[in-house]
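As structure tokens, the structure follows; a few thoughts come after it.
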Amino acid sequence: MKNRYILLSLIPCWLVYKEEERHDRVREVSPSEAQKQKLLKELGNRWLPYLTPKDTEFHQLWQENYSKLILREASSIPELLHKEVQQAFLILRKHGCLFQDLVRIKGKNLLTPVSRLLIGNPGYTYKYLNSRLFTVPWPMEGSNIKYSKDEIFAACRAFFKLNDYLRKDTIQALDKLHLIKSKDSEDSAVFGMVPELSKNILNVGHDMELKKRTTYNLTLLNYMDPQEMSYLKEEPYFGMGKMAVSWHHDENLVERSTVAVYSYNCEGPEVLDDDELSPEGRNPAVWHVGLKIAWDIKTPGLAVPLHQGDCYLMLDNLNSTHQHCVLAGLQPRFSSTHRVAECSAGTLDYIFKQCHLALQNVKDDTEPRTVHLRSMESSVIKQGEEIHNEVEFEWLRQFWFHGHRYKKCTDWWQLPMSELEGLWKKMECVTNAVLDEIRKERWPMEQKNEIITDLLALLTTRQELRMEWCMRCQSRIAQNLPEDQRPICWPYWEDEDPEMPLPFDLSNIISELQGHLPETKS
Ligand SMILES: O=C(O)CCC(=O)C(=O)O
Ligand SMILES: [Fe+2]
């Protein structure tokens with residue numbers, strides 16, 4: 001592991017240039033980007049209107065257009081919970097557990113202004129802006145997790161408690177707004193009395209739906225000290241001032257699930273008197289959450305000030321119909337954003353199952369490097385190679401891209417990651433075995449062509465993604481990160497590596513496969 005940096009520097013630079021060219025060619029303006037540019041041009045130097053609590057129509061606008069945004073003022077939340085949570089934020093900052101993410105947006109590598117940490121169910125991950133974050137596990141019942149420090153354990157426990165509090169609170173809020181309709185009441189109106197049994201079944205459906213949308217499985221913590229940021233983007237449509245997080249919808253969430261946010265700005269010198277500072281618009285000294293309706297320029301935007309310990313809930317489909325942003329104040333500020341991440345392909349259980357599925361095609365009783373395949377059925381080969389790509393690019397490379405950051409809090413991921421690497425290595429042997437079989441004459445033409453066509457597509461993707469990950473790791477912005485966070489391009493190996501049956505660079509194999517296909521197909 002130690003010599004990874006050395007290996008990385010040996011990646012031939014022509015590979016890098018090739019990849020840059022590819023990106024230039026494929027980089028194009030997405031429709032939403034084009035629409036955004038058009039809108040900004042139309043606006044010229046005018047701003048769209050937005051309201052703050054100083055405006056008389058503020059509450060009416062909120063009720064009419066932003067009713068699924070719920071604010072819970074700090075005073076409504078138990079004092080002890082505030083204490084534990086705020087302490088937890090400070091501990092995590094003290095131990096350097098929050099990191100700026102090197103994300104990829106429209107082919108560009110960018111460092112997020114806010115520093116983040118994902119805490120949640122053991123083995124869960126959350127993907128945003130092409131980066132998969134891995135949870136520092138919170139201590140759920142029955143889990144036995146080792147933390148690097150007792151204080152970090154206490155911090156994770158505090159966010160687990162907060163999560164439970166916010167879950168219960170969210171259920172109450174949804175009930176109050178009748179946002180999860182009881183099927184029971186709808187149906188009984190139509191059919192008269194519902195027999196007890198079917199009533200129970202309907203209630204079960206209702207409860208499941210409620211659970212699905214409120215059982216937060218992780219929280220993404222944010223932290224930023226505006227004084228440390230030399231540059232923050234200006235909010236472009238309304239003139240709301242400096243943004244810590246630009247307009248966005250939260251990604252990868254269960255449909256219609258709530259996002260619950262706890263906001264904690266460190267107290268500083270008393271914030272300047274509101275009206276004196278800015279007779280119009282929001283107070284730039286105070287942190288706010290900004291909301292707007294997506295694709296709507298008629299409805300004014302909303303800027304809601306957030307004071308120490310305030311929480312807000314984005315209920316039901318608010319996250320998809322509206323966008324939100326975070327407007328910076330002057331003091332450092334933390335937030336804990338509790339989400340129901342869509343995890344059908346995002347848990348360790350899931351990826352292990354996938355790997356075992358792929359490796360069902362290997363006969364058990366063989367020595368490590370030479371594997372014997374059970375089937376050369378094209379669908380079986382294809383599935384195996386797809387999973388090979390999935391574990392390599394969605395798990396191993398994503399994990400090592402974050403360097404050693406996870407070790408700061410816990411060694412929880414080390415063992416599963418090395419197990420996954422072992423399974424992936426076996427899949428390298430499978431690909432090698434498939435290639436060996438193809439080189440033999442005995443396969444019917446049609447079956448062979450089918451396998452080669454699928455394999456070619458999947459190996460081309462593998463090659464392209466390997467180059468892309470090398471580029472991401474080698475970018476200047478990545479290399480300038482502090483040592484413990486610096487991306488590691490892993491897995492990586494040299495051609496002569498006796499443990500690896502195939503080269504890292506698949507160009508020659510791809511050319512060979514192209515040569516196997518009949519003229520018309522190549
Ligand atoms: O900090 C906040 O209030 C919200 C942050 C946010 O929108 C996000 O992390 O997605
Ligand atoms: Fe968000």
Side-chain angles (χ1 to χ4, degrees), residues 66 68-74 77 85-86 88-89 92-93 98-101 103 105 110-120 125-133 135 159 162-163 166 170 216-226 229 232-233 235 240-254 256-266 282 286-294 301-342:
Y66 299 91
K68 291 177 184 177
L69 172 76
I70 306 291
L71 180 71
R72 296 284 199 230
E73 286 181 12
I77 295 159
V85 168
Q86 296 179 8
F89 279 125
L92 293 173
R93 181 177 66 176
L98 299 124
F99 302 98
Q100 289 177 277
D101 284 322
V103 295
I105 309 177
L110 299 167
L111 210 53
T112 58
V114 293
S115 300
R116 301 199 143 120
L117 177 68
L118 189 71
I119 303 180
T125 67
Y126 180 60
K127 207 173 163 187
Y128 86 104
L129 300 174
N130 297 308
S131 287
R132 185 179 294 283
L133 300 181
T135 54
F159 287 106
L162 176 63
N163 196 61
L166 290 172
T170 305
Y216 303 124
N217 45 25
L218 45 83
T219 175
L220 184 56
L221 307 190
N222 295 311
Y223 171 72
M224 196 185 88
D225 179 355
M229 288 288 142
L232 285 176
K233 260 198 204 159
E235 192 291 310
M240 289 171 167
K242 302 253 179 263
M243 295 186 294
V245 183
S246 310
W247 290 111
H248 67 285
H249 303 275
D250 288 346
E251 299 178 72
N252 278 317
L253 303 179
V254 162
R256 287 185 178 265
S257 61
T258 299
V259 178
V261 180
Y262 182 98
S263 179
Y264 171 48
N265 53 293
C266 312
R282 67 113 176 170
V286 175
W287 285 81
H288 289 66
V289 57
L291 275 108
K292 73 182 186 69
I293 303 179
L302 198 71
V304 181
L306 297 169
H307 298 108
Q308 194 171 72
D310 286 349
C311 287
Y312 64 91
L313 309 175
M314 295 191 278
L315 298 180
D316 197 41
N317 60 346
L318 183 73
N319 178 51
S320 40
T321 54
H322 293 58
Q323 288 169 305
H324 58 283
C325 71
V326 182
L327 303 163
L330 291 177
Q331 303 304 326
R333 180 229 187 210
F334 296 90
S335 69
S336 177
T337 66
H338 299 250
R339 305 158 194 245
V340 191
E342 203 292 297

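Along the sequence shown, the residues carry numbers beginning at 1. Indexing begins at 1, ligand by ligand and atom by atom, following the structure's order.
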Review point. Can you tell which part of Arg116 has a heavy atom less than 4.0 Å from ligand 1: side chain, backbone, both or neither?
Key: side chain
Review point. Angle class for the Phe334/Tyr264 ring planes (parallel below 30°, perpendicular above 60°, tilted otherwise)?
Key: parallel
Review point. Going by atom types only, do Ser257 and Arg339 share a side-chain donor-acceptor pair under 3.5 Å?
Key: no
Review point. Should you measure from each heavy atom of Val261, which atoms of ligand 1 turn up under 4.0 Å away?
Key: 2 (C), 3 (O)
Exercise for review: Determine whether the side chains of Thr219 and Tyr262 contain a donor N or O and an acceptor N or O closer than 3.5 Å.
Suggested key: no
Practice item. Just do the side chain to side chain contact (heavy atoms under 4.5 Å, CB included) check on Thr321 and Lys68 with the steps written out, would you? Key: CA-CA 10 Å; Thr321 54; Lys68 291 177 184 177; over 6 Å; no
Review point. Is Met314 near ligand 1, meaning one of its heavy atoms is under 4.0 Å from it?
Key: no
Review point. Checking Asn265 side chain against Gln308 main chain: does a donor-acceptor pair fall under 3.5 Å?
Key: yes
Check your understanding: With atoms numbered from 1 as shown, which atoms in ligand 1 lie under 4.0 angstrom from a non-hydrogen atom of Val326?
Key -> 1 (O), 2 (C), 3 (O), 4 (C), 5 (C)
Review point. Pick one: which of Val114, Leu133, Leu111 meets side chain to side chain contact (heavy atoms under 4.5 Å, CB included) with Asp101?
Key: Leu133
Check your understanding: Quick one: does His248's side chain have a donor or acceptor within less than 3.5 Å of a partner on His324's backbone?
Key -> yes
Check your understanding: So with a 6.0 Å cut-off around CD of Glu73, is the heavy-atom count from everything else above 12?
Key -> no
Check your understanding: Is Val289 in contact with ligand 1, taking contact as a heavy-atom separation below 4.0 Å?
Key -> no
Practice item. May I ask you to decide if Met240's main-chain N or O and Arg282's side chain share a donor-acceptor pair within less than 3.5 Å? Key: yes
Revision key, fill the gap. Within the 2.8 Å cut-off the protein N, O or S neighbours of the Fe ion (ligand 2) are His248 NE2, Asp250 OD1, His324 NE2
Exercise for review: Tell me, please: is Tyr312 in heavy-atom contact with ligand 1, that is, under 4.0 Å?
Suggested key: yes
Check your understanding: Which residue and non-hydrogen atom of the protein lie closest to atom 5 (C) of ligand 1, and at what distance in Å?
Key -> Asn222 ND2, 3.3 Å
Review point. Do Val340 and Asn217 pass the side chain to side chain contact (heavy atoms under 4.5 Å, CB included) test, and can you show the C-alpha distance, the side-chain angles, and the key distance before you say yes or no?
Key: CA-CA 5 Å; Val340 191; Asn217 45 25; 4.2 Å; yes
Check your understanding: Of the choices Glu251, Arg339, His324, which has the non-hydrogen atom that lies closest to atom 8 (C) of ligand 1?
Key -> Arg339
